[in-house]
**Student:** 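Submitted below is the structure of interest, expressed as structure tokens.
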Amino acid sequence: MEWTSLNDLRESYLQFFADKGCLRHKSYPLIPQGDNSLLLIVAGMAPLKPYFTGQEVPPRKRMTTCQKCIRTGDIENVGKTARHGTFFEMLGNFSFGDYFKEEAIAWAWEYVTEVLKLPKDRLYVTVYQDDDEAEKIWHEKAGVPLDRITRMGKEDNFWEAGVDGPCGPCSEIYFDRGEKYGCGKPTCGVGCDCDRYMEFWNLVFTQFERHEDGTYTPLAQKNIDTGMGLERLAALMQGVDSIFDVDTVKAIRDKICEIAGCEYGKEYKKDVSIRVITDHIRSVTFMAGDGVLPSNEGRGYVMRRLLRRAVRHGKLLGINGLFLKDIVKTVVDCNKCEYNELEEKYDYIVKLLTNEEESFNQTIDRGMKLLDGMIEELDKKGEKVLAGEDCFKLSDTYGFPLDLTREILEEKGLTVDEEGFEKAMQVQRETARAARGDSKYMGADETVFHQIDKEVTTVFTGYDRFEDEGVIDYIATETALVDEAAQGEEVYIVSTSTPFYAESGGQAADTGVIEGDGFKAEVLDVQKVVGGKFAHKVKVTEGKLTRGAKAQFKVNRDQRLNTMRNHSCAHLLQAALRQVLGDHVHQAGQLVDSKRLRFDFSHFSAMTEEEILKVESIVNMWIMSGLDITMQEMPIAEAQKLGAMALFGEKYGETVRVVTMGSSDNAASIEFCGGTHLDNTAKIGLFKIVSESSVASGVRRIEAVTGYSVYELMEENSRRIADTAKILKVNNRSELVNRAQAVMAEIKALEKERDELQAQIASVKAGALAQSAVEVGAFKLITGKLEGTKPDALRKMADDMKANDDSVIVILAGIDGEKANIVCASGKAAVSGGAHSGKIVGKVAAVTGGKGGGRPESAMAGVADKSKIDEALAAAAGIVAEFVG
Ligand code: SER
């Protein structure tokens, strides 16, 4: 066999199966679409599940892909061995009720022996224990000797994942790597745990559907699902020991060594770190390219965890500062020939990952502080084990990795309560599982719409019309297909064609009416359901709906036009944002309906006022230029050549719709889009940004309005200005700002005057109170009750009085609305003579049921029962006497 690069191997495989009539399809994104059972795509067949069960019709009955996959089940072992990894590519050929065992086996054998030219005497196969048919084909058609065919049990040769879904017996191909990889035991052979016999291709004869209760039923169609790990195959073809030695992966490994200034294969601990970074950086780069954002839950958490592990191992290698971006470059360079999205989004990917890397560095600094505090506590208590909950809090809440905690503790002769940590983690896992809900393996639960013939799809005719003739082909309640629906009922109508837009791509569904001879139904919502059908949720407002009836489908024109204004404008907005902020800007989500435009995009800081104005002005210039908007269907490759903006992680078909604004050689915007649009930007009218805010790390949100809504906004603002002008008694609006400034200045001056007057009043009051002083021992006691006095003013008055006279003890009660306080201040001589304001005020306030205390010089307490204030003040002399008498 001949050394072949990983990229060439991929090409050779896909071409081989394309020649067998398979539709060659680009890898689906890593984010599963319409499938809640998986966080990330784990196998080539995962994005194709509905085609296996027959829920949806595939674009062709045989397909071939090289699918990006991420599996994190073994994450703890990644790095420790040369075998484990999280990211890999899976080569697959698939049949949906088309070819079956005979072809799948024959072609696999042909590819392995004739294209790859693997020596037959080093190949072995396994079949499922009862699968005589497969054994016969391997032996008779492929010519594999019987002693090289092993039957294995369900454990090894029956492929299924999750609790339900398509599954079946499988057959695997093994390569004998030679004696030196073997364990040497007499029993060593295919299936042995050692490294000698390597399984590299799995052929699954997907003919059953597993149900949640553990039973199996045969699928209506017999399918083929095959999977071969590309990196593993490349290792085999390149004659190397592990995936980390395969050309494209080794390039990343080498780059890491270059940055860290170390050599691979010299020291186990360093090799572990190098392998962790090599693997994890591949995963996070591809995830970023498919629009996954680091977060604290779901796949975002998987990404964050992988990235943090990589950064952490960078530190273990002694790398200082930010280093991921240099490695990302290598990942992209090695993979862009197949995954052009990596190159297109390069700037964005680097920014996103670096941002997260920076914030993790801060996390580490913060975590170090927390951990130092915890260690100090342990020292104080003379303990040696850090509580599991503390470690978990550090790692889960503060993102500070457990291994780092462990290491730092070890240096100080301390340890982690591992059991407690596990326990805390278990609790968290269960909470997460509960939050995820019990989604099914297939993701798509059975609905009433599955009862409709799967060949039935809906053609959308509303790109250029608001009204169309149609037929009420199906009527459904939530649970059953019905033939009729009476006035007042809410049901679903499915038709084979409709001008109603079903909610998708962030564009809201149309509303309107469906009416015909003697009936009328109001369309409340339209959703795409299984198999490309549109379900119109309607309320029957007149007569009776009957299945098969002809009807007029009438979209609410004003609403749709306003929605189109917002949608077309969202395209201009994205283009303007990219001009002003840079090419890292990509749509991260949008919502366009008849009222507003909400656009989420990747960007890493708040926009300045200037940037916002610039974007507004560019968009409005384009609107006023009256650019033509054209829509065209074209093969995806052609659209990519035009540089059309695609959505992150979106699953596109072979042909796509492309929306162009402006002339094609100098367009303002070219985007992949299935939504509805105006035919000219001028019809947008006007555009105004209402707000700019943050939604997640690295994602900003703009809310804006267009067309009539801008007019409404202007009207509202105008009215506000007019009302304000009236209140401020301004006739000429241009004077409004001056007048507002003058009013504010006047208020300020008046406030100053008021403060001065209040101070004067207070001193007069204080003077009057001083007159009523009584003698207690050698000192003077002044008491008083003041209405409408806030605690601060009360304290100041008492303090001023004691400052004027060393031998005075002042006790004042201040009433401030519903609340009341008592303050006590004692002059220097009084304090020396035994007065203690804190204790005195406590006792005085206690008469009202209140509490308080403080320093000897000055203190305050709260009053509980205001009606007892006089009583409390009357008791003051006696209380003071206890201290100074
Ligand atoms: N689904 C099977 C696997 O993942 C074959 O593609 O191994």
Side-chain angles (χ1 to χ4, degrees), residues 9-10 13-14 16-17 20 22-25 27-28 30 32 35 37-53 58 62-74 83-101 103-105 107-109 111-112 125-128 131 134 152-175 190-191 197-210 216 219 221-233 236 243 441-443:
L9 276 171
R10 185 198 296 113
Y13 178 94
L14 293 173
F16 179 86
F17 282 99
K20 300 289 182 203
C22 293
L23 171 70
R24 178 175 169 170
H25 198 288
S27 172
Y28 293 88
L30 280 165
D35 179 352
S37 69
L38 294 173
L39 284 182
L40 292 157
I41 292 298
V42 294
M45 61 81 74
L48 310 171
K49 283 181 204 168
Y51 303 152
F52 285 106
T53 53
R62 42 180 84 173
M63 288 177 72
T64 183
T65 62
C66 177
Q67 175 64 44
K68 308 175 246 195
C69 299
I70 290 183
R71 290 186 187 174
T72 53
D74 269 334
R83 252 190 307 168
H84 290 90
T86 57
F87 180 85
F88 65 100
E89 296 175 61
M90 189 180 267
L91 297 167
N93 65 86
F94 310 96
S95 153
F96 313 108
D98 190 39
Y99 62 84
F100 198 50
K101 278 184 200 179
E103 294 88 338
I105 291 176
W107 292 344
W109 194 248
Y111 182 69
V112 167
V125 299
T126 61
V127 296
Y128 182 54
D131 199 349
M152 299 239 228
K154 199 170 170 209
E155 191 77 339
D156 295 292
N157 276 48
F158 193 93
W159 198 87
E160 59 192 342
V163 288
D164 63 354
C167 57
C170 63
S171 185
E172 295 183 317
I173 312 181
Y174 283 74
F175 183 74
V190 165
Y197 297 93
M198 181 174 86
E199 180 267 310
F200 67 99
W201 199 343
N202 185 10
L203 316 178
V204 185
F205 313 122
T206 314
Q207 56 200 103
F208 298 108
E209 179 155 17
R210 188 190 148 107
Y216 297 85
L219 283 168
Q221 58 184 35
K222 287 190 163 63
N223 310 289
I224 290 293
D225 153 30
T226 78
M228 171 154 65
L230 176 58
E231 292 82 349
R232 206 181 261 203
L233 176 68
L236 201 159
I243 59 165
Y441 169 59
M442 287 305 299

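Whatever order the structure lists ligands and atoms in, that order sets their numbers, starting from 1.
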**Student:** Looking only at heavy atoms, which two atoms of Tyr28 and Met63 are closest? And how far apart?
**Tutor:** OH-CE, 3.3 Å
**Student:** What does the N/O contact table under 3.5 Å look like for ligand 1?
**Tutor:**
residue	atom	partner	partner atom	Å
ligand 1	1 (N)	Asp225	OD2	2.8
ligand 1	4 (O)	Arg71	NH2	3.4
ligand 1	6 (O)	Asp225	OD1	2.7
ligand 1	6 (O)	Thr226	O	3.4
ligand 1	6 (O)	Gly227	N	3.2
ligand 1	7 (O)	Trp159	NE1	3.4
ligand 1	7 (O)	Asn202	ND2	3.3

**Student:** Which atom names give the shortest non-hydrogen contact between Cys69 and Gly44, and what distance separates them?
**Tutor:** SG-N, 4.1 Å
**Student:** Looking only at heavy atoms, what is the nearest atom pair of Asn202 and Cys170, with distance?
**Tutor:** OD1-CB, 3.2 Å
**Student:** Can you check ring pair (Phe, Tyr, Trp, His ring centres under 6.0 Å) on Phe96 and Phe52, steps first, answer last?
**Tutor:** CA-CA 6 Å; Phe96 313 108; Phe52 285 106; 5.0 Å; yes
**Student:** How long is the straight-line distance from OG1 of Thr64 back to NE2 of His25, given to the nearest 0.5 Å?
**Tutor:** 11.5 Å
**Student:** Is any side-chain heavy atom of Lys20 less than 4.5 Å from a side-chain heavy atom of Tyr111?
**Tutor:** no
